[in-house]
Structure formats: structure tokens, C-alpha cells
Amino acid sequence: MTAHVKDKDAFQRLNFLYQAAHCVLAQNPENVGLARFYCHTQKTISKRLVLRQDPSVKRTICKRCCSLLLPGITATIRQRRHYGQRRTVVRCLSCGLTKRFLNNPNYKLWAEQLEALLENQPKSAQSPNVQQTQQKEKKNVKSDTK
Amino acid sequence: MEDAIYKTLPSAEAKELNIQVLVMEFLGDDAVLLSCPQGPKESEAFVSAFLKRCLPGLREEVIQERLNRKAVILEHSIKQKKKQKRKRRKGLSAKEKRQLRLFEIKPEQQRYDLFLPLHNLWKQYIRDLCNGLRADTQPQMIQTKLLKADLHGAFVTVKKSKCPTYVGLSGIILQETKHIFKIITKDDKLKAVPKCNTVFSVEVDGFISYIYGSRFQLRSSERSAKKFKMKGSIDL
Ligand SMILES: [Zn+2]
């Protein structure tokens, strides 16, 4: 049995919207407006319910105009040099906003690091966590009885 | 200032005194008032003495070195780089958004068959949301799920409406705004149907549920956070 996830419906909805945007663009690459609309609703939902989106999702949505960034269709991806550092530059074709990512193979996102996992939290911070997990267990018991 | 000195001195002397003039120039107006010696050697001695007096912190060798090597640039105008004011704001204002027409669907793309995959995706989504639709699942559960589900891609029919021309219209929902469903019909026409005073029916795998549009007048993103009240009379 999978663990109980809060706001599961909302997460499913976000997932659907992201997939729908991809689906629309795959059917018709010209139809940027509708994909943008779906990404916009996705963004507003996640803002409203304070749900974190994965970096891989956030990096494929333009911050300014909310369009889905697909290389070759709605965005260009270039390798550029800047002050001796190589970086990947993603440019949105509809509004012109650029995203820059340094090419650093050792870079790790917070979510990829081992510390981010709940089991690997340092001991000093563990006491509130224990309470939280206990509460979660209680909730789970309640939901089971239902 | 240089011209003024050149005028008072004979031109030959002025050439020899070039270094001295430079020094004067460098130090400012007070230096001009100093007496000018004649001849190259005298002027050289004058300059070294003058510098020794003016720069007490430095040794003689250092001063000589500087005289030989260091270039003093006269009339140096500092080129001020005009920093272009960067726009702090990253997003667009509401006016710009409206002018860009971000969310519009162009008439060439209003074709029904292009959106069939979207409808299939939506069906999968609803099935997943209700943990697999079976014949024994309670319709109540599906309704509560549908209330917060996304309706983009759903196939709907208008069942009742205050405006009789809307009745019987059916198609796939493409956009949902606060007051309007944008529906694409099977004959490739994009219709905007107001939610107010209209009842829609949604069909998922044999389950039919009705949506009372008057109660649905929200932006689609706001709906997932809203709590619906169960009671209340519904009238058209
Ligand atoms: Zn953009």
C-alpha cells in the first residue's frame, strides 16, 4: 500500500495539466496558446495550494509567459560561454526570456541530495520530526478505520 | 593653460621645458607660478628638486624611475559607462498579457480531431482519480472527485439552458474561464458557452453526472482550493 499523500487529487490534477499541455503541443505544434493556458492554470493551482513543483517541471515552463518550453518548438537551447564558464541558455521564443544553467556535473539539486530525505535528517532536528511522524501515523490509523 | 605658458616663453625653450610643463599641469594652478629656469640641465635639476619637495615620502631613485617610465596622461576624460537600467520586473503586467493574447486559440487550430488525444488523456486521468472505474463504484464518490477535477478535455453536452440555442450542444472543453466554457464541437467550431444558467452533463465510462454552471462560476484554478457547500437550492 502506498503512503497516504496529502492533496493527492491536486497533484493528480497538476500532473494531468502538464501532460495535457504536452499532448496539445505534440498534436499541433502551432497551438502554443492552449498549452500556455494549461501551464498557467497549473502554476496558479500550485501557487494557491502551496504545492512544490519538481525542478524538472519548473525548468520547462517559462517564468514570464508560462509557455511550455520544448526545444525546437517553443524554445531554443544553446551552449554559451560566459566568463570562462560554459552554460546552457534556454530562450523562450514567444517572449524572449532566457534561463541560464551552469554546466556543472557535480551540481546537485536539493531534492537529489541525501540530506533531503527524511531518514537522513541530522539528530538535532529529529525531535519535531518524530512528533510529526507520530501524528502522521495517527492520521493513517484514522483513515484506515474509515 | 599650456598655451598660456607657451606664449610667454620662446618656442625653443618651451620644447625643452616640456617635462616641467607636464608637471605643472599635473599639480594644478599653483605650479604655474613657480619661476622657470633656463636650459635642459637646469630644468632637469629643477624638476627633480621640485618633485623631492612635493613628494617627501618617496626616495630619489623611485622618483627618477617614475619620471622615466610612468606616463602621465593629460586631459584624461573619464568615459562614464552608461548603465542601462535593468528591468527589475520579470513578469508581465496584466495589460501586456492582454495585448499579447497569450491564451487565444487561432482559427486554423480549431479542429475537432486534433483534440481527441486530449480527451483520451482526460479519460485516463479520471479513471486514475477514481481508483479505476468499476460498475460498483458509488456515483457519489465520482461526483465529489469530479468537483475538484480538471475539466479540460472532458466531453460535455448542454442539457438545460435559459437560452434555447445552447441546448444540445456537445463537444470537448478546451478552456475554462471564470464565466465561460470554450467548447469545440464535432463540426470544428469553437463555441463559448456561459456557465450561468446552464446545466452540463459529463459522461465518463457510463457514469453521467450533471454540472450546474451557476455554481461553478470560478476560475478553474480556484476550484481545487474551494470548499463546496452541499446544501442549497439550485434553480435555473
Ligand atoms: Zn516566455
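Computed from heavy atoms alone, side chains included, the values below leave out hydrogens, waters and symmetry copies. In what follows, chains carry the letters A, B, and so on, assigned in the order in which the sequence lines appear, proteins first and then strands, with residues in each chain numbered from 1.
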More than 12 heavy atoms of other residues, nucleotides or ligands under 6.0 Å from NZ of Lys99(A): yes or no?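 Counting neighbours around NZ of Lys99(A), more than 12 heavy atoms of other residues, nucleotides or ligands fall under 6.0 Å, so yes.
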Hey, is CZ on Arg87(A) packed in by over 12 heavy atoms from elsewhere, all under 6.0 Å?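 Check passes, neighbour count above 12.
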Side chain / backbone / both / neither for Ala20(A) at chain B, heavy atoms under 4.5 Å: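 Looking at Ala20(A), backbone and side chain both touch chain B.
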Counting only non-hydrogen atoms closer than 4.5 Å, does Arg48(A) touch chain B with its backbone (N, CA, C, O), its side chain (CB onward), both, or neither?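 It is the side chain, since no backbone atom gets that close.
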Per-residue contacts, residues 118-125 of chain B versus chain A, heavy atoms under 4.5 Å: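 Result: Leu118(B), Leu121(B), Trp122(B), Tyr125(B).
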Do Phe16(A) and Leu129(B) make a side-chain contact, defined as non-hydrogen atoms from C-beta onward lying under 4.5 Å apart?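 Counting from C-beta outward, Phe16(A) and Leu129(B) never come under 4.5 Å.
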Taking non-hydrogen atoms and a cut-off under 4.5 angstrom, which of residues 72-84 of chain A neighbour chain B?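 Interface residues of residues 72-84 of chain A: none, nothing closer than 4.5 Å to chain B.
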Sequence neighbours left out, what passes salt bridge (Lys or Arg N to Asp or Glu O under 4.0 Å) with Lys195(B)? Give chain and number order.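 Testing Lys195(B) for salt bridge (Lys or Arg N to Asp or Glu O under 4.0 Å), a comparison that skips the adjacent residues, returns Glu176(B).
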For Asp187(B), check salt bridge (Lys or Arg N to Asp or Glu O under 4.0 Å) against everything at least two apart and list the hits.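 Once residues adjacent in sequence are excluded, Asp187(B) has no partner under the salt bridge (Lys or Arg N to Asp or Glu O under 4.0 Å) criterion.
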Separation between CD of Gln12(A) and CG of Asp150(B), rounded to the nearest 0.5 Å: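 Those atoms lie 12.0 Å apart.
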Pairwise distance CD(Gln27(A)) to CG(Asp113(B)) - rounded to 0.5 angstrom: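 Answer rounded to 0.5 Å: 8.0 Å.
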Quick check: closest heavy atoms across Leu34(A) and Phe115(B), and the distance to 0.1 Å?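 Taking every non-hydrogen atom into account, CD2-CE2, 3.5 Å.
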